[in-house]
Protein chains: 2
Amino acid sequence: MAITIKDVAKKAGVSPATVSRVIADNPRISVKTKVKVRKVMEDMGYYPNFQARNLVANKSRTLGIIMENSAALAFQNPFFPEVLRGISTQAHDSKYGLYLSTGATQEEIYQEVVEMVQGRRVDGIVLLYSKIDDPVLEFLRKSELPFAVVGRPHQDPCSVTYVNNDNINTAKDTVEYLIGLGHRHIAFVGGATDFVVSIDRMQGYQQALAKHDIPFDVNYTVNQDFIQGKERDSIRRLMGLPVPPTAIVTHDDMVAYEVIGYLEDLEIRVPDDVSIIGFNNHTISRYLKPPLSTVDISIYELGLRAAELVLEKITDASIPPKQVAVPSRLIERGSCRRL
Amino acid sequence: MAITIKDVAKKAGVSPATVSRVIADNPRISVKTKVKVRKVMEDMGYYPNFQARNLVANKSRTLGIIMENSAALAFQNPFFPEVLRGISTQAHDSKYGLYLSTGATQEEIYQEVVEMVQGRRVDGIVLLYSKIDDPVLEFLRKSELPFAVVGRPHQDPCSVTYVNNDNINTAKDTVEYLIGLGHRHIAFVGGATDFVVSIDRMQGYQQALAKHDIPFDVNYTVNQDFIQGKERDSIRRLMGLPVPPTAIVTHDDMVAYEVIGYLEDLEIRVPDDVSIIGFNNHTISRYLKPPLSTVDISIYELGLRAAELVLEKITDASIPPKQVAVPSRLIERGSCRRL
DNA sequence: CTGAAAGCGCTTACAG
DNA sequence: CTGAAAGCGCTTACAG
């Protein structure tokens, strides 16, 4: 069995209570005693038992990280490691641990979250996605546990704490950038339609078109889970339109490169024949050919700030829901050309 | 305060001990009582407190995941999410949770691991990397806690449980594939030299050359942390050699594409002028141009099996150290050509 | 089949 | 400045 506080107490000739206070660096304990007890702790290789400590404190110093459908998309995309890096940094600075969801289906994830929360496994939660009618989010809203969402909640956003890019305006600006380059036939390849980020970007896309009197045509949009199977066909359809697009906005750099690959197979060249712009500015995008114009959404900062917000709420439960906007910026590289 | 076992007991008119046994589905409790108590638990929304349960059981049903230097490389590379996906699947199936290291430096990570282990925060550990003279590994060896390494330990490998690709032979086969294509001047771009995987692949590279009577020339090797800053120069140097290589083996697909980018900047074309092969078979590699020939190392399975091994050791501590080899296979695509 | 009691390893009022 | 005692929420021999 491991060394306990009692063992240390006995050896040091003090009470367990005193040892506990030395660990907590309680100012009412004499320096002399502290020195003595610390020496014994070190000699014996004592480490506090988290389970016991957490039980009495009724906290875990742990943040739960909930990601969508770990079995599939979430893991394919560099977004996940990067946002996790931000969370990780912040958590480490505050001496918090990270507990990861492992569920593959919505139902599994829901069960996990309930257990994390009710079982007091975590002190707070970062929800890494935002989708419409999400039971997980609804559960968290009703629970007392501090949490923050990466992304804008679909309903009643002001009542929850979240970080977000202004996806509507960012998408709008992006499309306007292409319009400024002379493009009028701009296609939009978006993500799954139940994700708020997809909805927002689609809206920004439409706003930009409207502003410049370009009619919205649903045939110019592809909305589905990419990296799935029918992408190639979608691109073929898009380029086979009576008036094919001269520019394509894709919701992720990786998807952009996938699209570029399909286009090259069709002997359509980027940016000569079609301009392409991505989102997320993955590390690799600057090295690939063509270097991808993209929107950097500060993924690391999204994670960092989300963790910060949860930690804040854990420290002070009275803090009202807060919304933090993280900047995004267009990075011009070589995948778009002026018409 | 949350609902406890006592609240349920009172409402159901039984003792807390009985409630506890109902939760554990103890066969000595009558069905009638079980039904009654379960109904009350449901009505009250009772969930067991993990901290308390773990304290008396002296286990946490949690696996610690230790990754190298979370602040930098580990997160840039799709290896991490993919291996995590494997671990996650296995852990979820066994109803284990995942606890992630957050440290950015070797020293921070070491401290975290010690706390995880001594503080009984986790029941087992998966070490996601293997490097030479790693204090973390040495600590784990001395501890009683079950653990598994992804990668071959540098010293005394038979005494630790690990999963690995046969990196030496895989690298050897890869180089021989290029030799079979007629290449004699083959460069090797490897990872950081304190990682065992880099050492092994370099050795395989050398073995292949030796077997075919091609002298090893250190000028044909680049060994450093790529994605750092001097990569472009290294490639320029390589291609400026009196006899430049006709083929380059890189230790990762992302690095391969970075190299391809630098080569294109030098007006050197792949595969026309230089053949390139990668490692790890990232999802995106098949879509990019040129489609990358690469070695698939079954990253998902590495994670899955590592988790499986730890779980096995947790269940039965008497199991001797085990070594599991995970297959790797060469995937021919369009980035290599016959001379 | 069920309960009272002890205990897991800590922390923290309460006393002194 | 320090200790004895109670308690965090659970589990599990021991009795009956």
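In what follows, chains are A, B, ... by sequence order, proteins preceding strands, each numbered from 1.
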- Query: Between B/Glu68 and B/Lys131, is the closest basic N to carboxylate O distance under 4.0 Å?
  - Reply: yes
- Message: Between the side chains of A/Arg38 and A/Asp25, is the shortest nitrogen-to-carboxylate-oxygen separation below 4.0 Å, so that they form an ion pair?
- Response: yes
Could you give the [atom1]-to-[atom2] distance, from [X] to [N], as a whole number of Å?
X: A/Tyr47; N: C/dG9; atom1: OH; atom2: C1'; result: 18 Å
X: B/Lys59; N: D/dT11; atom1: NZ; atom2: P; result: 9 Å
X: B/Lys6; N: C/dA4; atom1: NZ; atom2: P; result: 13 Å

- From the list B/Thr161, B/Leu309, B/Asn164, B/Leu302, side-chain contact (heavy atoms from CB on, under 4.5 Å) partner of B/Val324 resolves to B/Leu309
- Task: Please map the stems of DNA chain C, keeping only stretches of three or more Watson-Crick or G-U wobble pairs with both distances under 3.5 angstrom.
- Result: C:1-3 with D:14-16, C:5-12 with D:5-12, C:14-16 with D:1-3
- Query: Closer than 4.0 Å, any side-chain N/O of B/Tyr46 to the OP1 or OP2 of D/dC10?
  - Reply: yes
- Residues in contact with DNA chain C, drawn from residues 48-56 of chain B - heavy-atom cutoff 4.0 Å: B/Leu55, B/Val56
- Close residues, residues 12-44 of chain B, relative to DNA chain C [heavy-atom separation under 4.0 Å]: B/Val14, B/Ser15, B/Ala17, B/Thr18, B/Arg21, B/Arg28, B/Ile29, B/Ser30, B/Thr33
- Task: Taking atom NZ of A/Lys36 as the centre, report whether more than 12 heavy atoms of other residues, nucleotides or ligands fall under 6.0 Å from it.
- Result: yes
- Message: For residues 142-155 of chain A, which residue pairs pass the side chain to side chain donor-acceptor pair (under 3.5 Å) check, not counting sequence neighbours?
- Response: A/Arg152-A/Asp200
- Message: Quiz question: by atom type and distance under 3.5 Å, do the side chains of B/Ser60 and B/Asn54 form a donor-acceptor pair?
- Response: no
- Mind checking salt bridge (Lys or Arg N to Asp or Glu O under 4.0 Å) for A/Lys39 and listing every partner two or more places apart, or none if nothing turns up? A/Asp43
- Message: For A/Glu301, give me all partners under salt bridge (Lys or Arg N to Asp or Glu O under 4.0 Å), at least two apart in sequence or on another chain.
- Response: none
- Using 30° and 60° as the class limits, which term best fits the ring planes of B/Tyr129 and B/Phe195: parallel, tilted or perpendicular? perpendicular
- Task: List the steps and the verdict of side-chain hydrogen bond (donor to acceptor under 3.5 Å, both in side chains) for B/Arg305 and B/Ser298.
- Result: CA-CA 11 Å; B/Arg305 304 284 283 150; B/Ser298 314; over 6 Å; no
